[in-house]
Trainee: 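The structure is given below, and queries will be raised subsequently.
Computed from a predicted model, the values in this text were never measured in an experiment.
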Amino acid sequence: MFVRFFYVALLGVALAFGSISPGQAAPYAAMVMDARNGEVLHSRNADTRLHPASLTKMMTLYIAFEAIRLGEIALDTEVTISRAAASTEYALGFQAGSRVRLRYLIRAAAVRSSNDGAAAIAEAISGSEAAFARRMNRTATALGMTRTTFRNPHGLTEDGHLSTARDMTMLGRRLIYDYPQYYNIFSRITADAGIAQVRNTNRAVLNTYRGADGIKTGYTRAAGFNLVASAQRGEERIIATVFGGRSSAWRNQRVMELLDMGFERAPTSVALRTPALPTYDGLPEVASGRSGTPPGQRAVTRSMRPIMRPGAGPDPELMSAISEAVGQALTGIQDADPEAEAALQSASGALDPGSAITEPVQRPEPQASLAPEPDPVPVVPPRPAPEPEVVTRASSTGSRLFGVSLGPQVSHHSAERLLLRTALAELGTFDTALRRVVSTGRGFDARFAGMTEEQATRACARLSARNVNCETFGP
């Protein structure tokens, strides 16, 4: 009896100090979050610093996606597997000296939890595991993961390599909303990892729980059985996290119970609040210090408009034709749909021949971009069509002349049904967009219009993450 009391007291002291050492049994911790707005629906020991095990790879993959976005590396970059990466414990089997494309390493780490794959990703981006760990910690700070410290990219037990249920739940949410174009990889039951066809370590939950689509499992003796899981039903998305499970079966069952709890407690309708991409040391989207960017390459933080040559100016006859054509198009659209008039009026100032080209346009500071702003498209009068469209130059990145096309359908009715079904599935995405069916030579094009360029790009990315075909269009 005394021994049991002493053990319980010792465990309590460890929890009081907010962490537990590698040799001790892992305590249970859990969190349930409404992913749409980040509201915590349930927590237990959520801020206790514990061993994350392979949940660590969530951060490794987050940084890999970030590095692709910033142009530091590409999915088809061939990575040379180092001797150190190949000799990582519990490896999938990447051979030292072999060259493997980054996309296969990502699949190996995300689906099969490959330790050697994670180590190779780290070395490819930052040169070494130690440098990559520094970047992991910098990114964790930027994401608000205040009680997390990383020492390696794979999660093998190491002194000081600790996180919490709260921090890992937050990281899972960031993977969903910051990189929706890659998130679907976590739902794959099997994947081609280059050297082998691998099966998902989370397939039990993915195959059993309705709506489950990720995210990541983890296990070491010090950590116990960990899991961050996400599921979506209708407009509701819940993330549940478990640290310190007694077995994989117990962990999976507990996570599914927590997901059930989340769906019961979460309201049906919630305003979607997606987080902004992280910033580092005051520089938007660009990590300071040694981030692994090749010499001479830096992500573009600002795209300047070209300056007009001295003496150059618009042809008066051309501008007169443009103004007349746009005026006719505006009148036609107003007659066809009065709701579109308000969106078009906001851009009409850019159509003034005396200001659209010769005067600088005030616009919000753009997000970091890897490509310069495209040259203005020559303006031509619109061709007659069942629904007139304006062909004009965008006044700014905030103009509402962009949209998302779902592609041609066989009939006007089927296009309307597709728009309605998509709008209901993405209420937070298309709630301000206008639904349009445009007759083309290929059929009836289903479109969401009246969006900003940023809204259209994000909306199409969300649809692509759910394997819905789409493409953006603009002026």
Trainee: May I ask you to test the Leu418-Phe444 pair for a side-chain heavy-atom distance under 4.5 Å?
Mentor: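 With C-beta onward as the side chain, the pair stays apart.
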
Trainee: Looking only at atom types and distance, does a side-chain atom of Thr457 sit under 3.5 Å from a main-chain N or O of Glu454, one as donor and one as acceptor?
Mentor: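 Not confirmed, Thr457 side chain does not pair with Glu454 backbone.
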
Trainee: For a quick check under 3.5 Å, do Asp445 and Ser405 share a side-chain donor-acceptor pair by atom type?
Mentor: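 Ser405 and Asp445 do have a side-chain donor-acceptor pair below 3.5 Å.
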
Trainee: Any chance you could lay out the side chain to side chain contact (heavy atoms under 4.5 Å, CB included) test for Ser464 and Gln181, step after step, and finish with the verdict?
Mentor: CA-CA 6 Å; Ser464 298; Gln181 67 271 42; 5.7 Å; no

Trainee: Should the pair Arg174 and Tyr62 be classed as cation-pi, given the thresholds of under 6.0 Å to the six-membered ring centre and 45° from the axis?
Mentor: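 No; the conditions do not both hold, so Arg174 does not lie above the ring face of Tyr62.
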
Trainee: Grab the two heavy atoms, one from Val79 and one from Ala120, that are nearest each other, plus how far apart they are.
Mentor: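 Scanning both residues, the minimum pair turns out to be CG1-O, 3.9 Å.
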
Trainee: Would you indicate whether the side-chain heavy atoms of His154 and Lys57 approach each other to under 4.5 Å?
Mentor: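 A side-chain contact under 4.5 Å exists here.
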
Trainee: Can you tell me how far apart OG1 (Thr274) and CG (Asn37) are? Round to the nearest 0.5 Å.
Mentor: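 Separation between the atoms: 11.5 Å.
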
Trainee: What residues, two or more places apart in sequence or in another chain, satisfy side-chain contact (heavy atoms from CB on, under 4.5 Å) together with Thr77?
Mentor: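 In terms of side-chain contact (heavy atoms from CB on, under 4.5 Å), with neighbours along the sequence ignored, Thr77 is linked to Ile73, Ala74.
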
Trainee: Begin with the C-alpha distance, continue with both residues' side-chain angles, and end with the deciding distance and a verdict on side chain to side chain contact (heavy atoms under 4.5 Å, CB included) for Val270 and Glu39.
Mentor: CA-CA 10 Å; Val270 167; Glu39 180 182 354; over 6 Å; no

Trainee: Check whether any side-chain heavy atom of Leu55 sits under 4.5 Å from a side-chain heavy atom of Ser163, and report yes or no.
Mentor: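 Result no, sub-4.5 Å side-chain heavy-atom pair not found.
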
Trainee: Could you check whether any side-chain heavy atom of Asp192 comes within less than 4.5 Å of a side-chain heavy atom of Tyr104, counting everything from C-beta outward?
Mentor: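 Yes. Closest side-chain heavy atoms under 4.5 Å.
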
Trainee: Return the minimal non-hydrogen interatomic distance between Asp167 and Gly144, and the atom names on each side.
Mentor: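 Taking Asp167 first and Gly144 second, the nearest heavy atoms are OD1-O, 4.2 Å.
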
Trainee: How close do Ala459 and Thr429 get, heavy atom to heavy atom, and via which atoms?
Mentor: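 For Ala459 versus Thr429, the nearest heavy atoms are CB-CG2, 3.2 Å.
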
Trainee: Could you check if a side-chain atom of Met261 sits within less than 4.5 angstrom of a side-chain atom of Leu258, using non-hydrogen atoms only?
Mentor: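 SC-SC contact between Met261 and Leu258 confirmed.
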
Trainee: If the threshold is 4.0 Å, N to carboxylate O, is there a salt bridge linking Glu66 and Arg138?
Mentor: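 Answer for the salt bridge query: no.
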
Trainee: When you measure from the side chain of Arg265 to the backbone of Leu41, do you find a donor-acceptor pair of N or O atoms at a distance under 3.5 Å?
Mentor: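 Yes, the answer is positive, given that a donor and an acceptor are paired below the 3.5 Å cut-off.
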
Trainee: Within the distance-only criterion (no hydrogens, no angle test), does the side chain of Gln455 pair as donor or acceptor with the backbone N or O of Thr452 below 3.5 angstrom?
Mentor: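 A pair under 3.5 Å: yes.
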
Trainee: Tell me if the CG atom of Asn469 is crowded by more than 12 foreign heavy atoms within 6.0 Å.
Mentor: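 Open.
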
Trainee: Report the relative orientation of the aromatic rings in Phe65 and Tyr182; use parallel for angles under 30°, tilted for 30 to 60°, perpendicular for over 60°.
Mentor: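 The rings of Phe65 and Tyr182 lie parallel, inter-plane angle below 30°.
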
Trainee: For the side chain to side chain donor-acceptor pair (under 3.5 Å) test, which of Ser230, Ser54, Ser113 pairs with Lys216?
Mentor: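 Looking at Ser230, Ser54, Ser113, the match for Lys216 under the side chain to side chain donor-acceptor pair (under 3.5 Å) is Ser113.
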
Trainee: Within a reach of under 6.0 Å around CZ of Arg210, are more than 12 heavy atoms found that belong to other residues, nucleotides or ligands?
Mentor: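 For Arg210, atom CZ is not crowded (no more than 12 foreign heavy atoms under 6.0 Å).
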
Trainee: If you look at every heavy atom in Thr60 and Ala118, which pair is closest and at what distance?
Mentor: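 Looking at all heavy atoms of both residues, the shortest contact is CG2-O, 4.1 Å.
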
Trainee: I would like to know whether Phe186 and Leu206 meet side chain to side chain contact (heavy atoms under 4.5 Å, CB included); could you show each step before the answer?
Mentor: CA-CA 10 Å; Phe186 295 102; Leu206 293 173; over 6 Å; no

Trainee: Answer with yes or no whether the side chains of Arg99 and Thr80 bring together a donor and an acceptor at under 3.5 Å.
Mentor: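 Looking only at side-chain atoms, Arg99 and Thr80 do form a donor-acceptor pair, the distance falling under 3.5 Å.
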
Trainee: Might you confirm whether atom CZ of Arg417 has over 12 heavy atoms from other residues, nucleotides or ligands at distances under 6.0 Å?
Mentor: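 No - once you tally the heavy atoms of other residues, nucleotides and ligands closer than 6.0 Å, there are 12 at most.
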
Trainee: State whether the number of non-hydrogen atoms from other residues, nucleotides or ligands found under 6.0 Å of Glu257 atom CD is greater than 12.
Mentor: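 Yes.
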
Trainee: What I'd like to find out is whether the side chain of Val255 reaches to under 4.5 Å of the side chain of Tyr209, using heavy atoms alone.
Mentor: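 No; the side chains remain at least 4.5 Å from each other.
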
Trainee: Does Arg466 reach the side chain of Tyr183, with side-chain heavy atoms less than 4.5 Å apart?
Mentor: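 No, their side chains stay 4.5 Å or more apart.
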
Trainee: Work out which heavy atom in Ser114 is nearest to a heavy atom in Leu92; give both atom names and the distance.
Mentor: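 Closest pair (atom of Ser114, atom of Leu92, distance): OG-CB, 3.6 Å.
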
Trainee: Verify the neighbour count for atom CZ of Arg233: are there more than 12 heavy atoms of other residues, nucleotides or ligands below 6.0 Å?
Mentor: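 Yes, because the 6.0 Å sphere around CZ of Arg233 holds more than 12 heavy atoms from other groups.
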
Trainee: Do the non-hydrogen side-chain atoms of Asp213 and Ile176 ever get within less than 4.5 Å of each other?
Mentor: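 No; the side chains remain at least 4.5 Å from each other.
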
Trainee: Which residue in the set Ile63, Thr148, Leu171 passes side-chain contact (heavy atoms from CB on, under 4.5 Å) when paired with Thr139?
Mentor: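 Filter result, single survivor: Ile63.
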
Trainee: For Met31, run the side-chain contact (heavy atoms from CB on, under 4.5 Å) check against Arg166, His42, Arg44, Met168 and tell me which one passes.
Mentor: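 Single side-chain contact (heavy atoms from CB on, under 4.5 Å) partner of Met31 among Arg166, His42, Arg44, Met168: Arg166.
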
Trainee: Drop me the distance from Arg101's CZ to Leu75's CG, to the nearest 0.5 angstrom.
Mentor: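 These two atoms lie 9.5 Å from each other.
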
Trainee: Return the minimal non-hydrogen interatomic distance between Val404 and Cys460, and the atom names on each side.
Mentor: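 Closest approach of Val404 to Cys460: CG2-N, 4.3 Å.
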
Trainee: Take Val228 and Thr169 through the side chain to side chain contact (heavy atoms under 4.5 Å, CB included) test and state the conclusion after the steps.
Mentor: CA-CA 7 Å; Val228 177; Thr169 305; 5.5 Å; no

